[in-house]
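Working notes, beginning with the structure itself.
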Amino acid sequence: MFDVIVLGGGPAGVSASLYCKRANKEVLIIYGEESGLVKAHKIDNYYGFENGISGESLYNAGIKQAQNLGIEVLKEEVIKIEIFNDFFKVTTNKSSFESKTVILALGTKKNTVKIQGVKELEGRGISYCAICDGFFYKNKDVVVIGNGNYAIAETNDLINIANKITILTNGKKAPEFRADNVDIVTKEIKEISGKNKVEEITFKDNSTLKTDGVFIANGTAGPVEFAKKLGLIIKDDKIVVDEEMKTNIRGIYACGDCTGGLLQVSKAVYEGAKAGLAVIDYLKVND
Ligand SMILES: Cc1cc2nc3c(=O)[nH]c(=O)nc-3n(C[C@H](O)[C@H](O)[C@H](O)COP(=O)(O)OP(=O)(O)OC[C@H]3O[C@@H](n4cnc5c(N)ncnc54)[C@H](O)[C@@H]3O)c2cc1C
């Protein structure tokens, strides 16, 4: 059992992990592909680099720094976070891990798709969280849009609730996944439509599929999806935290871009430090 699992290997996650490790805590960082930082051509406004530094170099240096300090760092996709009585379980595409606390440092990624009708029907049959909204589709036919590990995790959460689930890969490769009440369609989607709520999917070849609901699980899950599933308070797609980076759930902290405000490296590093220190304090009392 880890003292803390840090989700995200950007400035916020690494900063949090450094403080925890230096206080002798057992720390695991799990990070995936996407960070805003690697897209930054040059960072000129962060302390200590006389000629600036590319976002990618800074990101990789952060991961290396954590590793050099003896922190376990895994490049895997997080697909599920669960709360048990006195611990948390984090599941990735490859394995699962348990911890006493969790720090969410997942950046700003939002799980969405550019398909006509999605914006208009959000909340009226279009959902981003199977575990939150699956209940409304008991014995109904639903679709899951996506083709990766996260789409399969969402499908698994619907399997015992919905009558039939169709995974729509929207032109992408079909996942290797089979279940009795699950179909996979790889055709590209043109539109999602319905009068007052979702009723039909139209594909680019003009064929159609009737459906009662659409679950969007495109690519990997980001902070908003995890926060919703955990029951964290979110405001304007950002995780709400207090001064110490505590969320509304005991033992779960959040820092960096996923808490909103100034979306900059300096703020992510600062909040990461605060989250790390808050975890150390929490473990002093609760360990
Ligand atoms: C083009 C661009 C230019 C920028 N320029 C600047 C600049 O000049 N100066 C500046 O200060 N800031 C700049 N920024 C902003 C800066 O990159 C962010 O503020 C900073 O990276 C936030 O750090 P973070 O740790 O909160 O999130 P991120 O760096 O985004 O890290 C998020 C982490 O979460 C991980 N993650 C997310 N979902 C999953 C999942 N499902 N499973 C596993 N891991 C997951 C990612 O892999 C990543 O490791 C720029 C951003 C962009 C996009």
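Start at 1 and go down the list; that is how both ligands and their atoms are numbered.
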Nearest non-hydrogen atom to atom 27 (O) of ligand 1 belongs to which of C255, G107, G10?
G107
Taking the six-membered ring of F203 as reference, does the NZ or CZ atom of K187 fall below 6.0 Å from its centre and within a 45° cone about the axis?
yes
Check contact between K109 and ligand 1, using heavy atoms of the residue and a distance below 4.0 angstrom.
no
Under 4.0 Å between heavy atoms, the region of K267 that gets near ligand 1 turns out to be neither
What part of A268, side chain, backbone, both or neither, has a heavy atom within less than 4.0 angstrom of ligand 1?
side chain
Which residue from D257, N93, L74, T108 reaches closest to atom 22 (C) of ligand 1 through any of its heavy atoms?
D257
So, do F88 and I5 sit near enough that their side-chain heavy atoms are less than 4.5 Å apart?
no
Counting heavy atoms only, which of L263, I53, V78 is nearest atom 42 (N) of ligand 1?
V78
Indicate, as side chain, backbone, both or neither, the part of P11 found under 4.0 angstrom from ligand 1 when only non-hydrogen atoms are considered.
both
Looking only at non-hydrogen atoms, which of I29, N45, L106 approaches atom 37 (C) of ligand 1 most closely?
L106
Contact between D212 and F136 at the side-chain level, heavy atoms closer than 4.5 Å - yes or no?
no
Run the numbers for me: atoms of ligand 1, each under 4.0 Å from some heavy atom of G9, listed by number.
33 (C), 48 (C), 49 (O)
Please list, in number order, the atoms of ligand 1 under 4.0 Å from a heavy atom of G256.
26 (O)
Please could you name the atoms of ligand 1 that V265 approaches to less than 4.0 Å, counting only its heavy atoms?
10 (C), 11 (O), 12 (N), 19 (O)
In terms of its nearest heavy atom to atom 47 (O) of ligand 1, the top option of A16, G32, A105, G148 is G32
So, C129 with C132, SGs under 2.5 angstrom?
yes
Residue part near ligand 1, for Y59, under 4.0 Å between non-hydrogen atoms:
side chain
